[in-house]
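I have placed the structure first, in the form of structure tokens, so that the comments after it can refer back to it.
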Amino acid sequence: MGRQPIYNKQYVLSAQELLDRDNVNKDRSQFLDEDRSLRHVFSEAIHSFGIQALTDGLPAHVSFTRDLILTNLPYMAKPDEIVVELAGNMLVDKQIEEKLNELKMAGYRLCLAGYNARNGILRFNRVMQLFDMVRLNARVMNRLQMRELVKKIRQNSRAALIAEQVDTEADFDRANGIDFSYYQGLLFGMPVCLREERDVGQLPYGQLFNELAKPNGNFESCVKLIENDPVLTHMFLQQSPKPGKNQDPGVEIRRILMTMGMERLRRWSCLTLLKRANLTNSYELPSRAYLRGCFIERLMEKADTRADAEQGLYLGIFSLLDKITDTPLESLLSQLRSDREVRAALLGSAENEYAAFLQYAIEYEKTRQAPQNSKIRLGLNERQIASLYGDSERETENAFAFLNPFMPPSFKR
């Protein structure tokens, strides 16, 4: 998570812009997909840091794409906590116009970013009066161009203006005195990277995973965990074919849960864990972990074994979770509920059936051939094993595409 200060013209710190950053590349997002990057910023700000703690009580400027606006994601924060930023090249149609009006009525402040004479005026003329702030880039225009653009903006809006990318004294000189109320850039403050050490098991998605990993997960406990967490609530309500804006979220969550059933919810919690705890730059490892778990589960269902097939899914997921979360496996296993024998297999402290199935799956992934001298008794031929693996691949693709709204809609491994 990164943040960069915004100062007013009296040089008083007034807000913080939230940025997607990692600890190595402080000048760019760790994700290539914009929707994913901005969701990551928002959910981490809410869960791992807390918006008020992250900004020391100042407003947080958070960017949202068109899709995130249309799916009501800004409502996951309180109106006084955030300033909702939209890109100046966003498509503005009746849908977006309605959503912006709804946000304003609900008390949210709106900021138009990346505004310029070429795209901003044409796209946003009808809704300019809704914006509380407009960002202008101090580096790409000379002083005359800035004056002309401000004059055009003032024909439709009295929004406060933010001069951004004020990185040098020359940038400040170009912007100074041209009706700017706020300034942001390296001259005023560099982006700062923050890292929050997290106990995954104490975070909402970890608590949901732990509840469902119990032999008898409690339905009401799951409802409360989801209902009390804004991002989990948003993810669930996104699954409703006819979401009601004013409907009680608890009622809708119960309806969706009853439709899903506990088995699908258990798998959904695994996907949520893989997505939300993912610190890599792609979905390659999370999808491989889920695929491995599905394959082991199917193998156990067909094998002559005492191993619990339900634990097979967890076994596969946990086998890569340390790399996905950048957390030692032993620490993860102390935070997340897991079977004693599964734990022993993962840590290499016992040669049990779970360890044998895990080794079988890992070797099969490499060669797409049944390992020789395996300790597990399957009674399946190569074609049948390949069919199980193909079924696991299809489930993985469908799961990432449909079970979790925070995954890309057309996920490809």
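Since the model is a prediction, treat every value here as computed from it, not as a measurement.
Side chains of Y360 and I296 form no contact here, defined as non-hydrogen atoms less than 4.5 Å apart. Residues L86 and V84 meet the side-chain proximity criterion, which asks for heavy atoms closer than 4.5 Å.
A salt bridge does not link K366 to E363: none of the charged nitrogens lies less than 4.0 Å from a carboxylate oxygen. At a threshold of 4.0 Å, the pair R266-E263 counts as salt-bridged, since one of the basic side-chain nitrogens sits closer than that to a carboxylate oxygen. Salt-bridge formation is not detected for the pair R288/E365: no Lys NZ or Arg NE/NH1/NH2 atom is positioned less than 4.0 Å from an Asp or Glu carboxylate oxygen.
Applying the side-chain contact (heavy atoms from CB on, under 4.5 Å) criterion to V140, with sequence neighbours excluded, gives N137. Not a single salt bridge (Lys or Arg N to Asp or Glu O under 4.0 Å) links R109 to another residue, sequence neighbours left out. In this view, L187 and V166, E169, F172 satisfy the side-chain contact (heavy atoms from CB on, under 4.5 Å) rule, not counting sequence neighbours. For T305, the side chain to side chain donor-acceptor pair (under 3.5 Å) criterion is met by E353, not counting sequence neighbours. Applying the side-chain contact (heavy atoms from CB on, under 4.5 Å) test to S181 and every residue at least two apart in sequence or in another chain returns A160. Residues passing the side chain to side chain donor-acceptor pair (under 3.5 Å) test with Q16: none are found, sequence neighbours excluded. Looking at residues two or more places apart in sequence or on another chain, you find no side chain to side chain donor-acceptor pair (under 3.5 Å) involving T259. Under the rule for a side chain to side chain donor-acceptor pair (under 3.5 Å), the partners of D132 that lie at least two apart in sequence or sit in another chain are K104.
For R368, the CZ atom counts as densely surrounded, since its 6.0 Å shell holds more than 12 non-hydrogen atoms of other residues, nucleotides or ligands. Around atom CD of E351, no more than 12 heavy atoms belonging to other residues, nucleotides or ligands sit under 6.0 Å away.
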All N/O donor-acceptor pairs, side-chain side in residues 51-61, below 3.5 Å, sequence neighbours left out:
| residue | atom | partner | partner atom | Å |
| --- | --- | --- | --- | --- |
| T55 | OG1 | I51 | O | 3.1 |
| T55 | OG1 | L58 | N | 3.4 |
| T55 | OG1 | L58 | O | 2.6 |
| H61 | ND1 | E85 | OE2 | 2.6 |

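Among residue pairs with one or both ends in residues 201-217, those qualifying as salt bridge (charged side-chain N to carboxylate O under 4.0 Å, His left out) are E211-K214; sequence neighbours excluded. For the ring-ring contact (aromatic ring centres under 6.0 Å, His included) condition, no pair includes a residue of residues 320-341, sequence neighbours left out. Pairs of residues two or more places apart, or lying in two chains, that qualify as ring-ring contact (aromatic ring centres under 6.0 Å, His included) and include a residue from residues 301-326 are F209-Y314, F209-F318.
The aromatic rings of F180 and Y183 are tilted relative to each other, their planes meeting at an angle between 30° and 60°. Taking the six-membered ring where tryptophan is involved, the planes of F42 and F64 are perpendicular, since the angle between them exceeds 60° and thus also 30°.
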Practice task
Evaluate the criterion side chain to side chain donor-acceptor pair (under 3.5 Å) for residue pair R135 and Q184; output intermediate values, then yes/no.
Solution key: CA-CA 10 Å; R135 285 179 176 269; Q184 182 185 34; 2.5 Å; yes
Practice task
Show your working on side chain to side chain donor-acceptor pair (under 3.5 Å) between S331 and Q335 and close with a plain yes or no.
Solution key: CA-CA 7 Å; S331 176; Q335 299 169 26; 2.9 Å; yes
